[in-house]
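Heads up, the thing below is written out as structure tokens.
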Amino acid sequence: MISEASVSHKPKVFAIIGGSGLYEMPGFSQLDAIETPYGFVHGISRGTLNSVDVFFLPRHGNHHQIPPHKVNYRANIWALSFLGVTDIVAVNAVGGIHSEMGPGHLCIPDQVIDYSWGREHTFFDGSELCDKVSYIDFSEPFTLELRAVLQQQCESTLAPNQFSSWGTYACTQGPRLESAAEICRIRRDGADIVGMTLMPEAALARELELGYASICAVVNWAAGIDPQELVMAEVLATLEEALSTVNLLIAGAIKSLSLHK
Ligand code: HPA
């Protein structure tokens with residue numbers, strides 16, 4: 001259960017990072033590419049959701065041209081921080097491992113296990129771009145306040161079995177899906193959902209002291225959990241339906257956060 005302890009009161013600037021299936025926001029205007037020390041970031045747009053000013057960044061590019069392991073996570077988070085963003089709500093498509101987190105379920109994870117490798121995963125890399133090395137506290141990877149408002153939105157919109165306000169996200173390398181044995185291991189490790197993009201994004205946001213939470217749409221059972229073969233058309237249909245709900249939930253959450261004094 002999420003409580004509203006440790007709520008911060010500084011003015012907030014919100015960004016949404018869209019995952020698979022979420023590449024643009026209706027009515028938003030594209031910004032010019034942003035140059036960062038880590039490369040250019042294309043595709044950020046700006047607009048309003050429920051009268052609140054919001055930035056939007058499609059993590060995979062506007063046409064899903066960037067695979068999970070090639071996303072320039074550092075440039076993306078740096079660019080959002082440069083634009084003055086204080087809080088990020090990420091959208092991630094995932095596979096379900098927990099028996100109650102099947103296709104169509106929404107999960108606001110509270111923990112993460114990172115199985116990805118070879119990604120540029122820190123700003124504190126000892127290069128000339130970094131003037132200090134910090135060992136961030138990542139014991140709670142997600143911002144409580146953001147998770148709490150997302151949970152409130154889910155509670156007021158969805159039936160209790162349609163969402164979970166907790167869950168451990170396993171971040172795999174991709175772009176292939178996992179083997180059944182890999183999912184057995186990941187399940188034994190304690191993960192409830194599996195995706196490819198939450199890390200290092202969440203940790204980089206923490207390094208730059210940005211609030212960060214994710215809302216994950218389960219689009220398939222993870223490998224070996226359901227004996228039936230994965231049908232891509234069904235996955236895409238589930239994704240599309242989930243994302244229209246997710247958009248409403250995020251718009252409500254951002255409105256509610258913007259009203260917090
Ligand atoms: N595994 C990893 N990432 C995913 C999956 C999956 O089963 N489904 C959607 N993203």
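Remember, it's 1-based here, ligands and their atoms both numbered in the order they're listed. For the single chain, residues carry numbers from 1 onward in sequence order.
- In this structure, Glu178 does not pair ionically with Arg185, as no charged nitrogen and carboxylate oxygen lie closer than 4.0 Å.
- Using a 4.0 Å cut-off between charged nitrogen and carboxylate oxygen, Glu201 and Arg74 do not count as a salt-bridge pair.
- In the displayed structure, Phe138 atom CZ is contacted under 6.0 Å by more than 12 heavy atoms of other residues, nucleotides or ligands.
- Remark: minimum distance from atom 6 (C) of ligand 1 to any protein heavy atom is reached at Leu177 CD2, 3.4 Å.
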What's the verdict on ring pair (Phe, Tyr, Trp, His ring centres under 6.0 Å) for His60 and Tyr23, showing C-alpha distance, side-chain angles and the deciding distance? CA-CA 8 Å; His60 295 291; Tyr23 309 118; 7.4 Å; no
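- Between Phe142 and Tyr212, the two ring planes are parallel [angle under 30°; tilted spans 30° to 60°].
- The protein non-hydrogen atom at the shortest distance from atom 3 (N) of ligand 1 is Gly195 CA, 3.4 Å.
- Taking distance alone, with nitrogen or oxygen atoms compared against 3.5 Å, Glu178 approaches ligand 1 more closely than that limit.
- Counting protein heavy atoms only, atom 5 (C) of ligand 1 is closest to Gly95 N, 3.4 Å.
- Looking at Asn220 against ligand 1, only its side chain comes within 4.0 Å, counting heavy atoms.
- The contact set between ligand 1 and Ala93, taken as ligand atoms under 4.0 Å from a residue heavy atom, comprises 9 (C), 10 (N).
- Counting heavy-atom neighbours within 6.0 Å of Glu24 CD, excluding the residue itself, gives a total of 12 or less.
- Of the heavy atoms in Val194, both backbone and side-chain atoms come closer than 4.0 Å to ligand 1.
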